[in-house]
Undergrad: 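Dropping a structure here in structure tokens format, bear with me for questions.
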There are 2 protein chains.
Amino acid sequence: MSTVPAFKRLPRAVREQQMLDAAVKVFSRRGFHAASMDEIAEDAGISKPMVYAYLGTKEELFVACLHREGTRMMQAIAGAAAPDLPADERLWRGLRAFFGFVGAYRDGWAVLYRQARGEQPFAGELATMRARLVEVVAGMLDHALRAEGREIAAVDLEVVAYALVGATESLADWLADHPDADPEKTATRMMNVAWLGAAQLLHGATWRPPVD
Amino acid sequence: MSTVPAFKRLPRAVREQQMLDAAVKVFSRRGFHAASMDEIAEDAGISKPMVYAYLGTKEELFVACLHREGTRMMQAIAGAAAPDLPADERLWRGLRAFFGFVGAYRDGWAVLYRQARGEQPFAGELATMRARLVEVVAGMLDHALRAEGREIAAVDLEVVAYALVGATESLADWLADHPDADPEKTATRMMNVAWLGAAQLLHGATWRPPVD
DNA sequence: GAGCATACCTACTCGTGCGTAGGGTTACGC
DNA sequence: GCGTAACCCTACGCACGAGTAGGTATGCTC
């Protein structure tokens, strides 16, 4: 019988992307464990053995998702924030690119941020990416500091950078839950908090605890 | 035979706390799905049916953990930050109490923050608690603003509060992973970022995006 | 010290979901 | 037009883990 087959035969590269799309979607909704390979396969419009043939086990599939979304995000940011710009300009462009990414790939963000953190085998992978970001931000701050002939202990710098990254992620989460919100506007608000605070620190202002 | 029994008989209230301790520990390590009731029971030094008898199903057990750790945290914060103090003082005391809690109950924090966020049935519960915190912070900022005769759109206020809460959570996470770090010192660093930034905003400073 | 409630156990059932065996069909090179 | 490789399926085995059935021992009350 040469009737039209129920499902088209497609080249591997295309199917793989469809599978990844489905996987990201399902993982983001259900979480790693609660997501079933059957549901992912069904959502991708394909049968389960194909998923195993192309992307491997459930863990490997999840890692593949992490990789795709992660590099997507990193490239978006790296592409926007040229290293030879002044610190505030770099920060602004980085933030804008980042919120743009989250706005465009909400599911991808949810997988990276909400799901991968808790699960033992993947937390490390994520922590690495996060650490790279923190390092970049810390480097930026340090650079700005040195330009003013000032210096701060490395730990403090790292912690401040950590706080900024955390605040940004948190707002990204807020953005992911508010489909109507504007990524650009959110980036501006984040910049307000981050930069006005950071600039104070850079200029040598320090808050000290009261002696009670 | 009246020999010493292998396991002591203990009153319900005590066993329940032991079970909750074990559950929080295991959930924090493995995540909700990967944690098994068998492991929790074993860790609590008790058999599985006892867990079901006292705390109910796995979901109910997890909710019980959430509740215990959540109220513990909320009470620590509420007890420290009296509402009639000036904003910076309140913020400082709240932060100190919060980081104190995280330092003391790292597993509890991990369950609340890392595990409960991704899992569908519990995310709502957590979001509510989080929302209460954001509201408190936003209220604090608003109060400080009005004292200076200024005002900000409610959305902006909420977003700034959200960013502050996010930054704090992020640092808490950092603290949870660095057992040697000092909660008090971490709180100070957070205060630096938060307050110097917030104070700038309160005084009417605004960052605006370049027109490119 | 008889009765009863409470604390506690071993040993099962049964559903769910990962991963695979084994086979069918379409395209493409030669 | 024929072999071969790539694409795709239905249908299963099997392990793991939630939840329970049914029973034992211990302390408390009167």
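Order of the sequence lines sets the chain letters (A, B, ...), proteins ahead of strands, with each chain counted from 1. On a predicted model such as this, the values are computed, not experimentally measured, just so you know.
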Undergrad: In this structure, how many angstroms lie between the P atom of D/dC16 and the CZ atom of B/R30, rounded?
TA: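 After rounding, the gap between these two atoms is 14 Å.
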Undergrad: Round to the nearest Å and state the distance from A/E42 atom CD to D/dC8 atom P.
TA: 17 Å
Undergrad: Between B/D21 and B/R68, does any NZ, NE, NH1 or NH2 come within less than 4.0 Å of an OD or OE carboxylate oxygen?
TA: yes
Undergrad: Take a 6.0 Å sphere around CZ of A/R30 and say whether it holds more than 12 heavy atoms from other residues, nucleotides or ligands.
TA: no
Undergrad: Is there side-chain contact between B/V111 and B/F32, with at least one heavy-atom pair below 4.5 Å?
TA: no
Undergrad: Just the rounded figure in Å: distance from C1' of C/dC8 to CG of B/L10.
TA: 11 Å
Undergrad: Side-chain N or O of A/R15 less than 4.0 angstrom from OP1 or OP2 on D/dA6?
TA: no
Undergrad: Please determine if B/R132 and B/E135 form a salt bridge, counting it only when a charged side-chain N lies under 4.0 Å from a carboxylate O.
TA: no
Undergrad: Less than 4.5 Å apart, side chain to side chain, heavy atoms only: is that true for B/L171 and B/L175?
TA: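 No, too far: nothing below the 4.5 Å cut-off.
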Undergrad: Does any non-hydrogen side-chain atom of B/F99 lie less than 4.5 Å from one of B/E184?
TA: no
Undergrad: Starting from C1' on C/dA7, measure out to CG on B/L55 and report it in whole angstrom.
TA: 15 Å
Undergrad: Tell me, do B/Y113 and B/L126 make a side-chain contact under 4.5 Å, heavy atoms counted?
TA: no
Undergrad: Is there side-chain contact between A/E169 and A/L112, with at least one heavy-atom pair below 4.5 Å?
TA: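 They are not in side-chain contact.
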Undergrad: Please list, for nucleotides 11-18 of chain C, all pairs of protein and nucleotide N/O atoms separated by less than 3.5 Å.
TA:
{"residue": "C/dC18", "atom": "OP1", "partner": "A/A35", "partner atom": "O", "Å": "3.2"}
{"residue": "C/dC18", "atom": "OP1", "partner": "A/M37", "partner atom": "N", "Å": "3.4"}
{"residue": "C/dC18", "atom": "OP1", "partner": "A/K58", "partner atom": "NZ", "Å": "3.2"}
{"residue": "C/dC18", "atom": "OP2", "partner": "A/M37", "partner atom": "N", "Å": "2.9"}

Undergrad: Under 3.5 Å between N/O atoms: give me all the protein pairs with nucleotides 1-6 of chain C, atom names plus distance.
TA:
{"residue": "C/dT6", "atom": "O2", "partner": "B/R9", "partner atom": "NH2", "Å": "2.7"}

